[in-house]
Amino acid sequence: MKKSRIDYKFEEMVTSEVKIMSHLNHPNIVNFIEYQQDGLDEKKRGNKVPVSYIVLELATGGELFDYVATTGKFSEKVARFYFQQLINGLEYVHMRGVTHRDLKPENLLFDSEFNLKIADFGFAAPISGHDNSG
């Protein structure tokens, strides 16, 4: 993310996502690896541009949305398998006092072994609310 293009609200959302994800580590969540607020991106001509970046676990299997769109619906057995992984990940997140708030097929990814991974915690918030009002 180029620093010059980041507005206040977006920066606040990224900071919140990093804070939440840095406290989560579960087989059914795309795991957080690193965040750098003052990084530099070196261009081909040698000039350096200030950037912020987040490094996350690689989910090479793609999105649930794309998979279902190209292959069609899952059998009941396969649907139950992925639903169990989704519930395991959500239970973990909720037990840590966080709610995702943006679950949709585009935010459910597959790793290289086609295990489900919950991604995109940009709208996540504490269950108690940002102002502890619930």
Side-chain angles (χ1 to χ4, degrees):
M1 301 168 279
K2 285 185 178 179
K3 299 278 272 185
S4 61
R5 294 187 182 173
I6 300 175
D7 66 17
Y8 172 74
K9 272 295 194 194
F10 184 73
E11 188 172 340
E12 188 177 278
M13 193 169 79
V14 168
T15 302
S16 174
E17 181 173 10
V18 167
K19 182 178 177 184
I20 288 169
M21 289 195 74
S22 67
H23 290 91
L24 302 176
N25 185 10
H26 188 273
N28 298 117
I29 295 173
V30 172
N31 288 302
F32 170 83
I33 297 171
E34 179 183 354
Y35 172 62
Q36 181 60 251
Q37 194 170 14
D38 298 315
L40 290 175
D41 180 23
E42 188 168 344
K43 299 297 181 182
K44 290 179 183 177
R45 296 183 182 195
N47 56 327
K48 295 180 181 180
V49 178
V51 295
S52 294
Y53 63 86
I54 301 173
V55 179
L56 302 172
E57 173 186 10
L58 182 61
T60 59
E63 298 177 358
L64 173 63
F65 180 87
D66 291 335
Y67 192 82
V68 172
T70 58
T71 65
K73 67 180 183 177
F74 290 145
S75 69
E76 184 177 338
K77 182 178 180 180
V78 172
R80 285 176 182 266
F81 175 78
Y82 287 124
F83 185 72
Q84 183 65 50
Q85 289 188 344
L86 174 62
I87 295 304
N88 286 341
L90 286 177
E91 178 183 39
Y92 174 85
V93 170
H94 293 168
M95 293 298 290
R96 273 139 193 86
V98 173
T99 182
H100 187 280
R101 300 190 327 160
D102 194 25
L103 283 176
K104 56 188 176 184
E106 295 91 329
N107 290 339
L108 301 175
L109 309 179
F110 294 112
D111 67 12
S112 61
E113 297 175 5
F114 283 92
N115 290 301
L116 190 85
K117 300 279 189 168
I118 300 169
D120 193 355
F121 283 78
F123 290 115
I127 290 174
S128 62
H130 289 296
D131 61 357
N132 292 321
S133 65

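Computation of the quantities below employed the complete heavy-atom set of this structure, encompassing side-chain atoms and omitting hydrogens, waters and symmetry-equivalent molecules.
Taking the side chain as every heavy atom from C-beta outward, V51 and L40 never approach each other to under 4.5 Å.
In terms of heavy atoms, S16 sits closest to A124 at OG-O, 3.9 Å. In terms of heavy atoms, A119 sits closest to L109 at CB-CD1, 3.6 Å.
Clustering ILVMFWY residues whenever any of their side-chain heavy atoms sit less than 4.5 angstrom apart, transitively, puts F65 in a cluster other than the one holding L116. F123 and L64 fall within the same hydrophobic cluster, where Ile, Leu, Val, Met, Phe, Trp and Tyr residues are linked whenever their side-chain heavy atoms come under 4.5 Å apart, directly or through other members. The hydrophobic cluster containing V68 also contains L103, counting ILVMFWY residues as joined when their side-chain heavy atoms lie under 4.5 angstrom apart, directly or transitively.
For residues 20-33, the pairs satisfying side-chain hydrogen bond (donor to acceptor under 3.5 Å, both in side chains) are N31-E57, with sequence neighbours left out. Within the structure, every pair that satisfies the salt bridge (Lys or Arg N to Asp or Glu O under 4.0 Å) test and touches residues 65-87, not counting sequence neighbours, is listed here: E76-R80.
In this structure a side-chain-to-backbone donor-acceptor pair under 3.5 Å is missing from D120 to D102.
Listed by chain and number, the residues in a side-chain contact (heavy atoms from CB on, under 4.5 Å) with Q84 are N88 (sequence neighbours excluded). With sequence neighbours left out, V18 forms a side-chain contact (heavy atoms from CB on, under 4.5 Å) with V14, F32, Y35, I54. Scanning for side-chain contact (heavy atoms from CB on, under 4.5 Å) contacts around F81 gives Q85, N115, with sequence neighbours left out. Residues that satisfy the side-chain contact (heavy atoms from CB on, under 4.5 Å) test with V93, not counting sequence neighbours, are L24, I29, V98, F121.
Ring-plane geometry between F74 and F110 is classed as perpendicular, the angle between the planes exceeding 60 degrees on a 0 to 90 degree scale with a lower cut at 30.
Atom CD1 of I118 is separated from atom CG of L86 by 5.0 Å, given to the nearest 0.5 angstrom. Between the CD atom of E63 and the NZ atom of K117 there is a distance of 16.0 Å, given to the nearest 0.5 Å.
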Starting from the C-alpha separation in whole Å, work towards a yes-or-no answer on side-chain contact (heavy atoms from CB on, under 4.5 Å) for I33 and L56. CA-CA 5 Å; I33 297 171; L56 302 172; 5.8 Å; no
